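Have a look at the structure below before the remarks.
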Amino acid sequence: MSKKVRTRFAPSPTGFMHVGNLRTALYEYLIAKSLGGTFVLRIEDTDQERKVEGAVDIIYNTLRQAKLIHDEGPDIGGEYGPYVQSERKDLYLPYAQKLVEMDKAYYCFCTKERLDSLHNDSDDIGGGYDRHCRNLPKEVVEKNLAEGMPYVIRQKMPLEGSTTFNDAVFGSITVENSELQDQILIKTDGYPTYNFANVIDDHTMNITHVVRGSEYLSSTPKYNLLYEAFGWDIPEYVHLPLIMGKNDDGTVSKLSKRHGATSFEDLVKQGFLPEAVINYIALLGWCPKDNREIFSIEELVENFRIDGISKSPSIFDYDKLEWFNGEYIKALPVEKFAEISMPYFKKAIKTKELDWIKVASILQQRTTKLTQIPEKIEFFEAQPDYDKELFVNKKSKTNLENSVTMLKEGINALNALTEWNHDTIHDCLIGLAQQLEVKNGTLMWPIRIAASGMSVTPGGAVEILDILGKEESMTRLQKGLAKLS
RNA sequence: GGCUCGGUGGUCAAGCGGCUAAGACACCGCCCUUUCACGGCGGUAACACGGGUUCGAUUCCCGUCCGAGUCACCA
């Protein structure tokens with residue numbers, strides 16, 4: 001109850017933001033903010049071989065778009081910097097050496113080749129390191145070191161006993177120490193491994209809640225042993241259930257490329273709104289007591305509770321995401337919707353000058369993904385070559401014969417209009433239907449078909465004529481009439 | 001394979017010893033309607049299995065089965 005809550009998001013700059021990662025970031029943010037704490041961004045780039053150019057910018061951009069604003073980080077600083085592990089490189093070795101002094105770690109001079117053969121020899125999986133260097137005489141170690149022989153530093157796991165730790169979502173977990181590998185702490189290149197750097201950084205940065213995917217559950221005892229060796233307080237562990245994808249054969253596995261878009265950027269590219277993505281993944285593994293579904297990031301902060309996190313893995317459901325996206329799209333002011341849709345409008349409409357607000361207003365209620373837009377409106381740009389059978393519709397009571405009449409009458413009536421807008425067109429057509437003593441659909445159907453050339457359109461006949469303008473409308477209606485005669 | 005974790009409809013999930021086992025997505029039907037959609041109403045569909053504990057188990061314990069994660073000089 002004493003310490004101020006601090007969580008950290010510690011991604012590796014791999015070049016894209018997996019939704020599982022993003023969800024971890026989200027929960028870290030929510031835990032910190034819901035408890036009045038601090039959210040820290042730390043870049044874990046200890047793997048020099050996997051460095052990707054521009055990857056850090058992707059992290060910043062994603063966090064910004066997702067509205068997960070960090071309080072400390074490489075770009076804004078803070079009192080626990082530096083926040084990039086490669087810039088902290090010199091920090092780790094002394095801790096590892098201290099562990100060696102305490103006999104909790106040791107130098108290992110085994111070559112890559114020896115390790116490889118070790119893995120190959122053991123036919124059953126799980127051979128691991130044979131602890132070859134665990135008890136090298138001190139003189140040998142010093143001699144090797146003096147000769148500049150490459151080395152790693154390994155953690156010296158207890159051979160007996162067991163280690164128990166507590167997790168906020170999974171509860172108490174006990175593992176036999178004999179199961180634990182003498183994992184590497186410092187690599188040959190001098191960089192710490194992820195596991196080691198994590199412990200050192202989390203402690204020196206005063207992190208109170210270690211939040212991460214449940215794939216780390218089995219390595220957590222090793223962390224505990226490290227904390228205990230140093231005599232440090234053990235943080236609160238919060239392991240999150242994994243996000244899975246459904247395979248074609250019905251099995252499930254960790255969400256990956258073959259399941260569809262898995263990165264935040266890809267999702268956005270596919271026409272999903274950042275808010276919708278965040279809202280959806282927030283509910284993947286967490287549930288409020290009242291089972292509400294629509295949450296802004298601020299509302300999530302208000303309602304988030306760690307005990308609402310579930311243990312079982314969940315499958316990423318693109319259908320449900322799409323539903324969320326539709327809800328968010330519908331909730332947008334039409335001007336805003338028009339603005340974010342503009343790139344998609346332009347993709348379909350290259351020459352015509354349309355009233356974008358009107359286009360947006362007929363699209364907004366029926367769009368669940370922005371990428372659906374172009375195909376829905378391309379008929380405004382150019383009419384597709386349609387079959388005259390489209391004029392036949394049972395429900396509207398239209399056929400090839402009466403469509404001719406409807407079109408003729410419609411053209412005459414519309415032609416007489418001096419003002420061309422939604423209301424005048426609407427009143428004109430509705431009035432005409434009454435006058436002809438036919439149901440609205442019987443008149444509207446052929447007109448909509450002639451105007452669009454499509455059986456399914458966003459908006460009805462009136463909206464389409466309005467957007468098309470009088471001149472283009474009349475041309476299309478005449479063409480439709482010609483097609484029928 | 002060892003170890004660890006998990007198992008409520010197709011999916012996300014509520015439930016935390018007693019309920020006709022919620023809700024949402026998807027699917028189906030009806031209504032609304034100038035198409036589609038939106039919206040409204042309704043429907044199909046679940047406690048993996050076997051033992052205990054208990055007056056009573058979806059809920060607690062054990063076993064089985066199934067699934068996942070992990071066993072790297074990757075994070």
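In this text, all values refer to a predicted model and were calculated from it rather than measured experimentally. Both backbone and side-chain heavy atoms feed into the values below; hydrogens, waters and symmetry mates do not.
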Return the nucleotide paired to C65(B): Watson-Crick means purine N1 to pyrimidine N3 with N6-O4 or O6-N4, wobble means G-U with N1-O2 and O6-N3, both under 3.5 Å.
G7(B)
Check: Asp466(A)/His422(A) side-chain N/O donor and acceptor closer than 3.5 Å:
no
Per the salt bridge (charged side-chain N to carboxylate O under 4.0 Å, His left out) rule, which among Lys104(A), Lys156(A), Arg134(A) passes with Asp182(A)?
Arg134(A)
Side chains of Glu463(A) and Lys358(A): does their closest heavy-atom pair fall under 4.5 Å?
no
Assign the ring pair Phe109(A) / Tyr107(A) to parallel, tilted or perpendicular, where the plane angle (0 to 90°) is split at 30° and 60°.
parallel
Please state how far atom CZ in Arg8(A) lies from atom P in A75(B), giving the value in whole angstrom units.
14 Å
Mind checking the P distance from G1(B) to U58(B)? Whole angstroms is fine.
31 Å
Interatomic distance where OH belongs to Tyr216(A) and C1' belongs to U4(B) [whole Å]:
16 Å
From the set A75(B), C5(B), A14(B), return the single nucleotide nearest to any side-chain atom of Tyr194(A).
A75(B)
Neighbours of RNA chain B within residues 424-444 of chain A, by heavy-atom distance under 4.0 Å:
His426(A), Asn440(A), Gly441(A), Met444(A)
Mind checking Cys110(A) for me? I need base, sugar-phosphate or nothing, with any heavy atom below 4.0 Å counting as a touch.
base
Separation of G39(B) P from Gln364(A) CD (nearest whole Å):
13 Å
Can you tell me the base-pairing partner of C27(B)? Count Watson-Crick or G-U wobble geometry only, both distances below 3.5 Å, and say none if there is no partner.
G43(B)
Using the C1' atom as the point on both nucleotides, what is the distance between C61(B) and G69(B), in whole Å?
25 Å
Could you say whether Glu179(A) or Val152(A) is positioned toward the 5' end of RNA chain B, judged by the nucleotide with the nearest heavy atom to each?
Glu179(A)
Out of C73(B), A37(B), A68(B), which has the shortest distance to the side chain of Leu115(A)?
C73(B)
Side-chain atoms of Asp319(A) come closest, of C38(B), C5(B), C25(B), to C25(B)
Given C73(B), A13(B), A26(B), which nucleotide is nearest the side-chain atoms of Thr188(A)?
C73(B)
Would the Tyr318(A) and Phe316(A) ring centres measure less than 6.0 Å apart?
yes
Counting side-chain heavy atoms from C-beta on, which of A13(B), C73(B), C25(B) comes nearest to Arg154(A)?
C73(B)
Side chains of Arg366(A) and Thr457(A): do they bring a donor and an acceptor to under 3.5 Å?
no
Could you tell me whether Lys257(A) sits above the aromatic face of Phe16(A), with NZ or CZ closer than 6.0 angstrom to the six-membered ring centre and within 45 degrees of the axis?
yes
Could you say whether Ser253(A) or Gly308(A) is positioned toward the 5' end of RNA chain B, judged by the nucleotide with the nearest heavy atom to each?
Gly308(A)
Interatomic distance where CD belongs to Glu322(A) and C1' belongs to C12(B) [whole Å]:
16 Å
Dump the intermediate steps for ring pair (Phe, Tyr, Trp, His ring centres under 6.0 Å) on Tyr223(A) and Phe196(A), then the final yes or no.
CA-CA 8 Å; Tyr223(A) 281 64; Phe196(A) 189 55; 10.0 Å; no
Once hydrogens and angles are ignored, does a donor-acceptor distance under 3.5 Å link the base of A68(B) to the side chain of Lys254(A)?
no
When the distance from CD of Gln181(A) to C1' of C73(B) is rounded to whole Å, what number comes out?
14 Å
Could you check how far CE of Met244(A) sits from P of G6(B), rounded to whole Å?
15 Å
Tell whether Asn291(A) reaches the base of A22(B) with its side chain through a donor-acceptor pair below 3.5 angstrom.
yes
Please tell me which of the listed nucleotides, U11(B), G69(B), C73(B), lies nearest to the side chain of Glu215(A)?
G69(B)
For a quick check, tell me whether the side chain of Arg448(A) and the base of U35(B) share a donor-acceptor pair closer than 3.5 Å.
yes
Taking atom C1' in both G52(B) and A26(B), what distance in whole Å separates the two?
39 Å
Does the A72(B) base have a donor-acceptor partner in the side chain of Tyr129(A) within less than 3.5 Å?
no
Quick check, are the ring centers of Tyr216(A) and Tyr194(A) under 6.0 angstrom apart?
yes
If you look at every strand shown and take non-hydrogen atoms under 4.0 Å, does Thr14(A) touch a base, only sugar-phosphate, or nothing?
nothing
Rounded to whole Å, how long is the line connecting atom NZ of Lys246(A) with atom C1' of G10(B)?
6 Å
Looking only at C36(B), A72(B), U34(B), the nucleotide nearest the Lys395(A) side chain is C36(B)
Options C38(B), C3(B), C25(B), nucleotide nearest the side-chain atoms of Asp317(A):
C25(B)
Who pairs with G2(B) - Watson-Crick or G-U, where each distance is under 3.5 Å:
U70(B)
Closest to side chain of Asn195(A), choosing from U34(B), U4(B), A75(B)
A75(B)
What is the separation between atom CG on Leu255(A) and atom C1' on U11(B), rounded to the nearest whole Å?
14 Å
